[in-house]
Amino acid sequence: QLQLVESGGGLVQPGGSLRLSCAASGFTLVNYAIGWFRQAPGKEREGVSCISSRGGSTRYADSVKGRFTISRDNAKNTVYLQMNSLKPEDTAIYYCAAVKALLFNLCVLSSEYDYWGQGTQVTVSS
């Protein structure tokens, strides 16, 4: 079974940092574009960031530009989301997702992705 597993979430104070990891098993991430999404209580799932299969292209939601960085280490079959200067509005469950064939301009759309992790909770609060 193809699986994605997120880790690295937790409780942090505003201004703090976390690094989320998305590890794949059952397939090789080098062939997949990866997106990070988040869903807060009572809100729709929203795209946070995405990265092309080789890491040459990245995109970020306006709300996280300059604070979050997506990267990948294909040798480790892992994608990361470094989150700095965290704000309370970043509180959500964060999911990673993978798709093999993607027009990269569609990478912010959750409907384009075939495989999803279970999510990791990020809570930003004093």
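Just so you know, these numbers come straight off a predicted model, no measurement behind them.
Using modelled atom types, one side-chain atom of R67 and one backbone atom of S85 make a donor-acceptor pair closer than 3.5 Å. Of the possible polar contacts, none joining the N74 side chain to the T28 backbone as a donor-acceptor pair under 3.5 Å is found. With hydrogens and angles disregarded, no donor-acceptor distance shorter than 3.5 Å links the side chain of T123 to the backbone of L11. Although no hydrogens or angles enter the test, the distance criterion places a donor-acceptor pair under 3.5 Å between the side chain of R72 and the main chain of S52.
Using a 4.5 Å heavy-atom threshold, the side chains of V99 and Y115 count as separate. Put simply, the side chain of S125 does not reach to within 4.5 Å of the side chain of P88, judged on heavy atoms.
The environment of CD in E89 is crowded: more than 12 heavy-atom neighbours from other residues, nucleotides or ligands sit within 6.0 Å.
In terms of heavy-atom proximity, G9 sits nearest to T120 at N-OG1, 3.2 Å. Minimum interatomic distance between S53 and V30 (heavy atoms only, all atoms of both residues): CB-O, 3.3 Å. The two residues I70 and S49 make their nearest non-hydrogen contact at CG2-OG, 3.2 Å. The two residues F104 and C50 come nearest to each other via the heavy atoms CZ-O, 3.9 Å. Between G26 and L2 the shortest heavy-atom distance is O-CD2, 2.8 Å. Annotation for V79 and S71: closest pair CG1-O, 3.2 Å, computed over non-hydrogen atoms.
To the nearest 0.5 Å, atoms CG (L4) and CG (L29) are separated by 6.5 Å. The CD atom of E112 sits 5.5 Å away from atom CG of L109, with the distance rounded to the nearest 0.5 Å. Rounding to the nearest 0.5 Å gives a distance of 5.5 Å between CD of E46 and OG of S63. The CD atom of Q118 lies 10.5 Å from the CD1 atom of I93; values are rounded to the nearest 0.5 Å. From L81, atom CG reaches atom CD of E6 across 11.0 Å, with rounding to the nearest 0.5 Å. One distance of note links CD1 of I34 with SG of C96; it measures 6.5 Å at 0.5 Å rounding.
V108 and Y60 sit in two unconnected hydrophobic clusters of ILVMFWY residues. Membership requires side-chain heavy atoms under 4.5 Å apart, directly or through other members. Residues V12 and M83 are members of one and the same hydrophobic cluster, defined by side-chain heavy-atom contacts under 4.5 angstrom among Ile, Leu, Val, Met, Phe, Trp and Tyr. With hydrophobic clusters built from ILVMFWY side chains whose heavy atoms lie under 4.5 angstrom apart, V48 shares a cluster with L18. Following chains of ILVMFWY side-chain contacts shorter than 4.5 Å, one can reach V64 starting from V122, so the two form part of one hydrophobic cluster. Taken together through direct or relayed side-chain contacts under 4.5 Å among Ile, Leu, Val, Met, Phe, Trp and Tyr, V124 and L20 form part of one hydrophobic cluster.
The residues K87 and D90 are annotated as not salt-bridged, no charged nitrogen and carboxylate oxygen being separated by less than 4.0 angstrom.
With hydrogens and angles left out, the side-chain atoms of S17 and N84 include a donor and acceptor closer than 3.5 Å.
The aromatic rings of F68 and Y94 lie tilted to each other, with the angle between the two planes from 30° to 60°.
Cation-pi check for R45 over W116 is met; the charged atom lies under 6.0 angstrom from the ring centroid and within 45 degrees of its normal.
For the ring pair (Phe, Tyr, Trp, His ring centres under 6.0 Å) with Y113, the lone residue among Y95, Y32, F37 that qualifies is F37.
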